[in-house]
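For clarity, every value in this text was computed on a predicted model and none was experimentally measured.
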Amino acid sequence: MILLEGVSKNFGKRAAVQALDLTVPPGSIFGLLGHNGAGKSTVIGMILGQVFPTTGTVSVNGYDVFRDRRQALARVGAIFETPAFYNYLSGRTNLRIFCEYTAVPDPARLEQIVRFVHLQDHLDAKVGTYSHGMRQRLALAQALLPDPQLLILDEPMEGLDPEGVHEMRHLILRLREEWGLTILLSSHMLSEVQQLCTGVALLKQGRLIFAGNWRTAGGGQSLEEFYLQKVK
Amino acid sequence: MSLFLLQLKNELVKLFARKRTYLGFGGAVAAQLVFLVLWRLPVAQKAFEGITRRSNKDFMAEYFLGLTAAQLTVTFTFLLLGGLYLALVCGDIVAKEVEDGTMRMILARPISRMRLWTLKWLAASIYTFALVFFIGLTSLVLATACCGGLGKLAVIYGQHPRQLMFMSTYETGAGLVQYAKGILLLAVVMHVVSALAFLFSCLNMKPATATVATLAVFFLDAVIKMVPFFNVYDQWLLSYHLACWLRSMSRLTLPSDTATSVIYLLSLAAVFLAVSARRFARRDFKP
């Protein structure tokens, strides 16, 4: 589903990502872990064609993200740590604007998605009045609207209260189980990743230090213990 | 409606739903009202009589009405505020989306960067036309209301406040046509301001920096134009060519001179746009 081969990214003299080879298999919830500045967001930026790699290739669904952007990202949805919207417009207008960058949204699907993220009662309110949790759910709705096969979630639980984290975790699990989506999840919250992911990639200072099934490799350790052992 | 037009409509919805976009329109009307009050002061009337070098009251009664006052008001409104508001809005149009994070949300979609760049520039261009036409129309309406009629048009243009370059006069009908043509020309040439602000907006800088950088270029240009030693360089200055909309109303100005100014400004705008497109296509949109 996602394939990165020999990918490096330098910002000036600083190497943000170094010689990264990574495969995210279809149908899984795959965790991308690392400390602050480890390069997770840069990797996600490269997968979405927002950051140009210094070397290497990035492909999604068999298409090079930079050469065949339209095909590569045709069935991809993404949300980021701080969901950004036009605060002075309603949730509905925001969804329509983001969706219409690629296609006119089907009204029936829009209603289905909005109900799925529990925003049906707030959709016509201005986004500026939304709580952080509501913004995160609106972000999920805009990512799901174009009927994606791959969902990229960059710190989706950051800043949420325990109830919001619980709700987001259930939504993610339902998306994999009921919708059959492949999900790439970048997060600091190891306890959440432990509940959601089997396959993980660990990044340290831009280098990949582990990729694979952490449960098998960890031999009964918790993800936190496994992570700390690897990054030391 | 094709998808492209729908996307352009959405860009305009985003632009015109913001209060900040209307700052230019509101500020322009306020400035026009101030100028219209100032024009009616005896000291201003006396100055105009001096400029026209005809002290008889009939000239003032016939010519210093809506059309002439509107033309003067547009000149001063754009001198003070037009560039500022264009720099503010066009400098925001990409940089603000990058700063707010919405650009990353958009670029998570399979839309090509060139298409997005085109949509953004078209929105900036439509705003430029809208602001200039609005100022042209409101100046005419307010000046006509304040002066008690349209009157005839006396076009007054000077390189320097004390140096009268020319004055052409037109009957009401011909004056209206000249005024409309002048406003259209102003809308076209002001695209050089929008294009420069848009270029800065596409670079890796904050929206406020893009606005200030644009204004810095135009203020520097205007200062150079005001310094007598640099008169020989007038032909290279933006402020000189931007005044072509006013010069074009004079019977003494050759159409080729106006064409030269328009070509010069639009060529510069094209260069600014080419650089901005290149940068927008190649830059990283980092978290």
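In the displayed structure, B/F219 atom CZ is contacted under 6.0 Å by at most 12 heavy atoms of other residues, nucleotides or ligands. Counting heavy-atom neighbours within 6.0 Å of B/R278 CZ, excluding the residue itself, gives a total of 12 or less. Annotation: A/R67, atom CZ; neighbour count of heavy atoms from other residues, nucleotides and ligands within 6.0 Å does not exceed 12. Shown here is A/Y63, whose OH atom has no more than 12 heavy atoms of other residues, nucleotides or ligands within 6.0 Å. Remark: A/W179 CH2 is packed, more than 12 non-hydrogen atoms of other residues, nucleotides or ligands lying under 6.0 Å away. Other residues, nucleotides and ligands contribute only 12 or fewer heavy atoms inside 6.0 Å of the CZ atom of A/R207.
Below 4.5 Å, heavy atoms of chain A meet no heavy atom from residues 268-276 of chain B. Within residues 77-86 of chain A, the residues that have a heavy atom under 4.5 Å from a heavy atom of chain B are A/A78, A/F80, A/A84, A/F85, A/Y86, listed by number.
For chain B, the nearby part of A/F11 is the side chain; its heavy atoms alone come within less than 4.5 Å. Residue contact with chain B, scored on non-hydrogen atoms closer than 4.5 Å, involves the side chain of A/L89 exclusively. For A/A72, no part lies near chain B; criterion is any non-hydrogen pair under 4.5 Å.
The two residues B/P110 and A/R69 come nearest to each other via the heavy atoms CB-O, 4.1 Å. The shortest heavy-atom contact between B/R104 and A/S41 is NH2-O, 4.3 Å.
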I'd like to know whether B/K19 forms a side-chain contact (heavy atoms from CB on, under 4.5 Å) with A/Y88, so could you lay out the CA-CA distance, the side-chain angles of the two residues, the decisive distance to 0.1 Å, and finally the verdict. CA-CA 9 Å; B/K19 285 180 189 154; A/Y88 48 91; over 6 Å; no

Criterion side-chain contact (heavy atoms from CB on, under 4.5 Å) on A/Y101 and B/N10, from CA distance to verdict: CA-CA 9 Å; A/Y101 275 112; B/N10 288 340; 5.9 Å; no

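Atom CD1 of A/I97 is separated from atom CD1 of B/I106 by 9.0 Å, given to the nearest 0.5 angstrom. A/L48 CG to B/L107 CG: the interatomic distance, rounded to the nearest 0.5 Å, is 9.0 Å.
The greatest number of non-hydrogen atom pairs below 4.5 Å with chain A, out of B/L119, B/L116, B/I111, is found for B/I111. Ranked by non-hydrogen atom pairs under 4.5 Å with chain A, the options B/K286, B/Q7, B/K14 are led by B/K14. When each of B/M103, B/R283, B/R115 is scored by its heavy-atom pairs under 4.5 Å with chain A, the top score falls to B/R283.
Using modelled atom types, no side-chain atom of A/Q50 and backbone atom of B/D284 make a donor-acceptor pair closer than 3.5 Å.
For the pair B/R282 and A/F52, the cation-pi criterion (under 6.0 Å, within 45° of the ring axis) is fulfilled.
B/R109 and A/Q142 are linked by a side-chain donor-acceptor pair at a separation below 3.5 angstrom, with hydrogens and angles left out of the test.
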